[in-house]
Amino acid sequence: MDLAQTEAGLLLLGVLFLILGLGVWIGLGLLMTGLVGVIALPMLMTGMASFPAEKVLGSAVWGSLASWTLAALPLFIWMGEILFRTRLSDDMFRGLAPWVQWLPGRLMHVNVLGCGIFAAVSGSSAATTATIGKMSLPALTKRGYHQPMAIGSLAGAGTLGLLIPPSIVMIVYGVAAEVSIVRLFIAGLGPALLLIVLFSGYIAIWSLLNPKLVPPADPPMPLREKLRASGQLFPVLLLIGFVMGSIYFGWATATEAAAFGVAGALALSAWGGTLNRKSFTASLMGAVKLSCMINLILAGAAFLTKAMAYSGIPAAMATWVGSQGFSPFMIIAFLTVIYLLLGCFIDGISMIVLTASVVLPIIAQTGFDLIWFGIFIVLVVEMAQITPPVGFNLFVLQGLTGKGMMTVASNTLPFFFLMVIAVALVTIFPAIVTFLPNTMMGG
């Protein structure tokens with residue numbers, strides 16, 4: 001990179017952090033930084049022609065939002081909002097509890113399995129943590145379970161909302177990186193199962209080492225009673241299976257499957273007696289607000305990316321990294337640290353769209369598979385969800401438990417290290433991510 005490009009990059013970075021530090025919305029902050037770049041970069045870089053800001057802004061915003069694939073985003077969000085307002089969390093605990101009594105740790109596994117199931121209908125880490133936590137934490141506390149372990153397992157398992165399809169973050173990354181959303185959805189299954197095994201395995205080992213901290217099992221329940229208790233879960237599982245199966249087997253696109261999911265969620269809500277004018281309006285407005293926030297971030301990031309592209313900063317940085325002889329593992333380790341640091345201050349979606357224009361050319365230059373890298377980013381963003389001071393899952397649990405931020409964070413620490421192990425495993429053995437999409441859709 002030459003001196004002018006370095007100065008331009010530092011200018012944009014400084015302006016962005018100044019604007020965000022003033023408390024401006026991230027989407028608007030990105031738009032304002034892009035505007036500064038459009039005006040200031042031609043002044044800094046010799047030989048660079050000026051260009052009309054309004055035309056660049058219009059083309060960038062239209063190009064980022066006029067996407068059929070992106071239409072799946074508000075639909076999946078709406079599906080989650082509808083089911084969030086049903087009795088799903090109550091049904092989840094009652095339906096799963098009888099089946100995990102034999103495991104070491106007993107009902108604490110409900111946190112992991114419940115978050116895994118709800119993640120498949122929400123696509124949001126915070127919504128998954130809040131929904132399962134509202135039911136499981138009071139129930140576990142009432143039964144005398146170790147509260148720090150209950151909090152930690154819920155915080156860790158809540159991050160599955162980003163990894164198990166339909167993941168909002170995966171859709172955003174797929175649009176930014178221009179890769180198949182379906183392949184990303186399939187690729188997330190292997191790492192998700194890996195995390196579930198790691199979380200439940202840790203709970204089981206901890207329980208065997210601390211038997212006095214685990215209450216006795218509930219009275220045995222006949223198989224018929226177990227099936228009856230789980231009866232309310234079966235329709236939701238069928239909906240999940242139909243929506244995801246239609247994507248995996250090519251029966252529908254992600255957008256079409258999302259539309260089926262909304263129709264199914266409305267039908268389940270009506271069947272369960274929770275669909276009324278108030279809940280319908282609340283779910284619709286919740287989906288609109290979140291979708292608008294994400295679209296504003298995407299539009300701002302697209303404008304900033306366009307401004308940076310005119311300067312050649314991303315391409316120059318990729319070339320510079322390639323010329324330094326860094327090993328792939330060094331680059332991944334460095335990016336992990338960068339994303340964790342960013343996660344202390346901004347949310348996961350903003351992290352992805354903010355860094356895509358710079359990071360993706362480096363990844364392409366290094367030879368990493370973009371599908372694998374998408375899952376890697378999701379895993380690291382998950383880790384950022386449980387790191388203070390701006391770990392969103394920590395905020396949710398702080399509100400649910402009334403505990404201090406650092407207390408919640410310390411309870412979550414073992415599960416953070418388990419996620420570090422998961423990131424290391426998918427880096428050393430990338431087939432954990434790539435095997436399923438390559439097998440189901442061809443290499």
Side-chain angles (χ1 to χ4, degrees), residues 69 72 76 116 119-120 123 125 159-199 201 240-241 243-254 257 318 321-322 326-336 338-340 348 351-353 355-356 359-384 418-443:
T69 302
F76 277 128
S125 174
T159 63
L160 293 169
L162 298 181
L163 190 59
I164 295 179
S167 165
I168 296 171
V169 171
M170 281 187 191
I171 295 174
V172 171
Y173 172 82
V175 172
E178 297 181 353
V179 296
S180 167
I181 303 293
V182 176
R183 291 183 77 93
L184 279 171
F185 280 1
I186 298 173
L189 291 178
L193 291 174
L194 173 64
L195 277 180
I196 289 173
V197 170
L198 287 174
F199 291 158
I240 295 169
V243 172
M244 292 299 104
S246 64
I247 296 175
Y248 296 153
F249 295 109
W251 301 334
T253 65
V321 170
F326 296 134
S327 71
F329 288 110
M330 288 177 62
I331 293 174
I332 289 299
F334 178 73
L335 289 176
T336 300
I338 291 297
Y339 278 116
L340 287 179
M351 287 164 58
I352 290 175
V353 297
T355 59
V359 170
L360 290 177
I362 295 175
I363 293 302
Q365 181 89 14
T366 313
F368 284 107
D369 181 87
L370 288 181
I371 296 292
W372 175 89
F373 184 70
I375 302 303
F376 163 80
I377 282 189
V378 172
L379 283 169
V380 178
V381 168
E382 282 185 329
M383 293 163 64
L418 291 173
M419 296 177 75
V420 173
I421 293 172
V423 170
L425 287 174
V426 300
T427 303
I428 298 170
F429 306 105
I432 295 173
V433 174
T434 58
F435 175 77
L436 273 180
N438 288 345
T439 302
M440 295 179 67
M441 303 186 67

Does the side chain of Ile171 come within less than 4.5 Å of Phe185's, by heavy atoms? yes
Sequence neighbours left out, what passes side chain to side chain contact (heavy atoms under 4.5 Å, CB included) with Ser246? Give chain and number order. Trp251, Ala252, Ala257
When every non-hydrogen atom of Glu382 is compared with those of Met419, the smallest separation belongs to CB-CE, 3.1 Å
Scanning both residues in full, the closest heavy-atom pair of Leu340 with Ala384 reads CD2-N, 4.1 Å
Reported CD1-to-CD1 distance for the pair Ile338 and Ile331, which is rounded to 0.5 angstrom: 13.0 Å
Within-4.5 Å side-chain heavy-atom neighbours: Leu195 and Leu418: no
Not counting sequence neighbours, which residues clear side chain to side chain contact (heavy atoms under 4.5 Å, CB included) with Leu189? List them please. Pro165, Tyr248, Leu436
Please report the interatomic distance CG(Leu184) to CG(Leu163), rounded to the nearest 0.5 Å. 10.5 Å
So CG of Leu370 and CZ of Arg183: to nearest 0.5 Å the spacing works out to 11.5 Å
Would you say Phe368 has more than 12 foreign heavy atoms packed within less than 6.0 Å of its CZ? yes
If we only count heavy atoms from C-beta on, is the Ile375 to Met170 side-chain gap below 4.5 Å? yes
Rounding to 0.5 Å, atoms CD1 (Ile186) and CD1 (Ile181) come to a distance of 12.0 Å
Evaluate the side-chain proximity of Phe373 to Val433: yes if any heavy-atom separation is below 4.5 Å, no if none is. no
Given side-chain contact (heavy atoms from CB on, under 4.5 Å), test Leu335 with Ile363 step by step and report yes or no. CA-CA 10 Å; Leu335 289 176; Ile363 293 302; 3.8 Å; yes
With sequence neighbours excluded, tell me which residues meet side chain to side chain contact (heavy atoms under 4.5 Å, CB included) with Ala176. Ala356
Option among Val378, Leu379, Val380 that satisfies the side chain to side chain contact (heavy atoms under 4.5 Å, CB included) test with Phe376: Val380
Checking Phe199 now: which residues fulfil ring pair (Phe, Tyr, Trp, His ring centres under 6.0 Å) with it, not counting sequence neighbours? Phe415
Atom pair CD1/OG1 of Ile332 and Thr336 - distance to nearest 0.5 Å: 6.0 Å
Contacts under 3.5 angstrom, residues 420-432 side chains, donor-acceptor by atom type, not counting sequence neighbours:
unit_1 : atom_1 : unit_2 : atom_2 : d
Thr427 : OG1    : Val423 : O      : 2.7

